[in-house]
> 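Can you read through this structure? Questions will come right after.
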Amino acid sequence: MVRVRFAPSPTGPLHIGGLRTALFNYLFSRKNNGKFILRIEDTDQQRYVPGAEQYIIDSLNWVGLKYDEGPDVGGDFGPYRQSERLDIYKKYVQQLIDNGWAYYAFDTPEELEQMRQRLREQKSPVQLYNHLTRGDMKNSFTLPEHEVKQLIEKGTPYVIRFNMPANQEIVVYDIIRGEVKVNSDTLDDKILFKSDGFPTYHLANIVDDHLMQISHVIRGEEWLPSLPLHWLLYKAFGWEPPKFAHLPLILKPTGKGKLSKRDGDKMGFPVYPLDWKDPNTGEIIRGYREWGYLPEAVVNILALLGWNPGTDQEIFTIDELIEQFSLERVQKHGARFDPEKAKWFNQQHLKRKSDDELLELFMPILENQGIKAERDYVKRVIQLLKERVEFIEDFWTKGSYFFERPKDYDPKAAKKAWKQNTSEIMLELKDFLSQIQDFSSKNLEEQLKNWVEQKQLSFSKVFTPLRLAIQGNTAGPHLFDMLELLGKQEVLIRIDNAIKHFSQSGK
RNA sequence: GCCCGGUUCGUCUAGUGGUUAGGACGCCAGGUUUUCAACCUGGAGGUCACGGGUUCAAGUCCCGUACCGGGUGCCA
């Protein structure tokens with residue numbers, strides 16, 4: 001039985017890198033008819049951010065990554081919040097102490113810093129708390145047993161450390177990278193239990209993954225260096241380790257490093273799934289949803305960042321991704337995020353949506369603008385604009401003139417379109433239009449083209465300013481479809497307005 | 001510093017010893033259109049990080065170097 005988990009910590013909004021980890025876990029579980037579990041790793045009280053857990057849940061729901069077990073949906077292996085499992089960790093860490101794999105340490109943070117400082121000054125290649133240095137520190141190796149007992153009883157703060165064995169070749173296996181070998185001397189006696197009574201990630205994740213019967217741990221590459229420790233922990237408990245797969249990181253579009261929260265606003269693309277309001281500063285960082293991205297596009301973008309099916313297919317539904325996904329085809333190296341291609345993906349998914357789906361998405365935006373419009377009318381607008389839109393908002397930003405008369409005329413376009421005698425031509429055109437009874441696109445096109453030819457004018461001399469009068473700019477859908485939709489009366493008013501406007505501005 | 005991982009057009013990538021190194025985004029040009037977008041056609045863009053091997057043959061296997069990324073916390 002395949003059981004995988006996504007295990008974020010609620011220290012802030014979920015980053016799209018995290019969302020991709022969740023996605024790959026989800027795809028893998030569905031592909032293998034397994035279970036997908038959400039576990040909240042809230043063992044760091046200092047960094048806990050209120051609202052972050054709900055944000056994670058909302059984000060997963062938005063992109064449609066439904067989990068089978070989790071803090072809000074329950075399951076047979078709960079609780080799914082690590083802060084609610086403290087007793088479990090205590091029990092298991094005691095087991096490690098009893099069999100010699102863990103020990104007490106009483107060093108203060110200052111003393112630890114002193115030790116590292118000392119080792120740095122000695123130009124020691126490694127500055128670790130391990131078998132070479134723990135003899136100089138305050139722990140249950142150096143202190144007599146009764147003193148350890150006394151210190152604990154007195155309430156002296158202590159941590160529990162892993163007893164990292166000396167000079168051992170540790171061979172671990174990763175599905176994406178294969179065998180990885182590490183010598184234990186480069187590892188340290190990691191803290192398993194903090195003095196605040198909370199376990200560290202290292203302990204909690206092993207205990208939980210085992211107890212929750214996780215079969216595959218799929219997580220970010222930043223965890224690869226601690227895989228040997230985790231491997232040893234399984235050994236210390238006498239448990240069979242799950243399979244591991246470490247996903248490559250998502251990097252900034254330019255420059256160096258992994259994608260971070262600041263990159264988005266700086267470079268004009270979102271890094272968070274949903275809007276996030278910082279509880280301290282009140283600052284709002286825009287999310288994919290609010291930016292106008294479709295959840296299916298976000299899934300598609302993320303899926304192809306570090307994975308590919310080996311075919312030329314690039315546009316996928318979630319079901320196609322499930323069908324084709326495999327960990328073996330995950331890339332080893334980090335992938336730079338490309339905001340331009342992200343837009344393209346959104347456009348592709350937008351084009352694949354039905355008019356009715358687009359209508360549902362666009363209506364709220366219209367209402368937000370204070371526009372009341374008939375659904376049938378809006379649907380027609382959508383049909384005309386569909387091919388030239390990247391985001392749902394574009395139906396408004398590129399089509400507001402369907403709902404209100406142009407407030408102004410794009411100066412650049414106007415300069416090109418509205419010449420000396422344009423007003424006269426438009427006046428005549430208005431006259432002609434007012435006599436046309438059948439205001440259908442087809443008939444308009446035929447009649448107007450005839451008219452232009454009879455007048456011995458060029459199409460562009462007539463149609464470009466007409467478009468300008470209608471829209472306020474000169475780029476848009478098929479002119480005659482637009483005229484039909486707007487209707488005769490409105491068209492005549494807009495022509496009139498334009499003539500007035502340009503006569504006032506001196507033309 | 002030390003440890004781990006990585007390295008194919010600007011970007012995402014195909015490629016698992018024998019191909020003119022293929023595709024996509026973006027860019028440029030042409031076609032179509034009254035216009036824009038979409039669409040179609042074409043183009044530019046890669047000394048496969050570099051240097052050594054192994055081999056009749058290497059982007060593909062091995063070693064070294066460089067560079068990039070990650071880790072090195074009583075963070076996850």
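Residue numbering restarts at 1 for every chain, and letters A, B, ... go by the order of the sequence lines. Values in this document were obtained by computation on a predicted structure and should not be read as measured data.
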> Over how many whole Å does the gap from A:L112 atom CG to B:C74 atom P extend?
6 Å

> Mind checking side-chain hydrogen bond (donor to acceptor under 3.5 Å, both in side chains) for A:H15 and listing every partner two or more places apart, or none if nothing turns up?
none

> Partners of A:K332 by salt bridge (charged side-chain N to carboxylate O under 4.0 Å, His left out), sequence neighbours excluded?
none

> What residues form a side-chain contact (heavy atoms from CB on, under 4.5 Å) with A:E53, not counting sequence neighbours?
A:P10, A:I40, A:I57, A:P71, A:R81

> Among A:F162, A:F193, A:Y158, exactly one meets ring-ring contact (aromatic ring centres under 6.0 Å, His included) together with A:Y104. Which residue is that?
A:Y158

> Taking salt bridge (charged side-chain N to carboxylate O under 4.0 Å, His left out) as the definition, give me every residue that meets it alongside A:E179, ordered by chain and number, with sequence neighbours left out.
A:K181

> Roughly how many Å is it from CD in A:E121 to P in B:G1, rounded to a whole number?
18 Å

> Who passes salt bridge (charged side-chain N to carboxylate O under 4.0 Å, His left out) against A:D410, sequence neighbours left out?
none

> How does protein contact run along nucleotides 33-46 of chain B, one letter per nucleotide 5' to 3', with B for base contact, S for sugar-phosphate only, - for none, heavy atoms under 4.0 Å?
-BBBBSS-------

> Between B:C27 and B:U65, how many Å separate the two C1' atoms, rounded to a whole number?
35 Å

> Counting just side-chain N and O atoms, does A:T200 come under 4.0 Å of either OP1 or OP2 of B:C75?
no

> Whole angstroms only, please: what is the NE2-C1' distance between A:H230 and B:U72?
14 Å

> Distance check, C1' atoms only: B:U33 and B:A38, in whole angstrom units.
11 Å

> Does A:F395 have its ring centroid less than 6.0 Å away from the ring centroid of A:F402?
no

> Checking base pairs now: Watson-Crick or wobble, both atom distances under 3.5 Å. What partners B:C2?
B:G71

> Determine, for A:D209 against A:R39, whether the closest basic-nitrogen to carboxylate-oxygen distance falls under 4.0 angstrom.
yes

> For B:U20, give its Watson-Crick or G-U wobble partner with both distances under 3.5 Å, or none.
none

> Roughly how many Å apart are B:G15 and B:C4, using the P atom of each and rounding to a whole number?
28 Å

> If you compare every side-chain N and O of A:K190 against the phosphate oxygens of B:U72 (OP1, OP2), does one of them come in below 4.0 Å?
no

> How is A:S458 classified with respect to the nucleic acid when contacts are heavy atoms under 4.0 Å: base, sugar-phosphate, or nothing?
nothing

> For A:E323, enumerate each residue passing the side-chain contact (heavy atoms from CB on, under 4.5 Å) test, keeping only those at least two apart in sequence or located in another chain.
none

> Rounding to the closest angstrom, what is the interatomic distance between B:G18 and B:C61 at atom P?
12 Å

> Expressed as a whole number of Å, how far does the C1' atom of B:U19 sit from that of B:C75?
49 Å

> Can you tell me the Watson-Crick or wobble partner of B:C27, both distances under 3.5 angstrom?
B:G43

> Starting from P on B:G26, measure out to CD on A:E340 and report it in whole angstrom.
7 Å

> Can a donor-acceptor pair be found, under 3.5 Å and without considering hydrogens, that links the side chain of A:R494 to the backbone of A:G472?
no

> Please give the nucleotide sitting opposite B:U7 as a Watson-Crick or G-U wobble pair, both distances under 3.5 Å, or none.
B:A66

> Could you tell me how far apart A:Y201 (OH) and B:C74 (C1') are, to the nearest whole angstrom?
17 Å

> Any strand counts, and the cut-off is 3.5 Å on both contacts for Watson-Crick or G-U wobble. Which nucleotide pairs with B:C61?
B:G53

> Could you tell me the separation between the NE2 atom of A:H246 and the P atom of B:G71, rounded to a whole number of Å?
12 Å

> Separation of A:L227 atom CG from B:U72 atom P, in whole Å?
15 Å

> Return the nucleotide paired to B:A14: Watson-Crick means purine N1 to pyrimidine N3 with N6-O4 or O6-N4, wobble means G-U with N1-O2 and O6-N3, both under 3.5 Å.
none

> With sequence neighbours excluded, give me every salt bridge (charged side-chain N to carboxylate O under 4.0 Å, His left out) pair touching residues 221-233 of chain A.
A:R177-A:E221

> Any chance you could list the contact pattern along nucleotides 2-18 of chain B? Use B for base contacts, S for sugar-phosphate-only contacts and - for none, protein heavy atoms under 4.0 Å, 5' to 3'.
SSSSSS---BBSSS---

> Give the rounded distance in Å between these two atoms: CD1 of A:I250 and C1' of B:G70.
15 Å

> For nucleotides B:C9 and B:G23, find the distance between their C1' atoms and express it as a whole number of Å.
12 Å

> Suppose you measure atom C1' in B:G17 against the same atom in B:C48; what distance do you get, rounded to whole Å?
15 Å

> Suppose you measure atom P in B:G46 against the same atom in B:G52; what distance do you get, rounded to whole Å?
23 Å

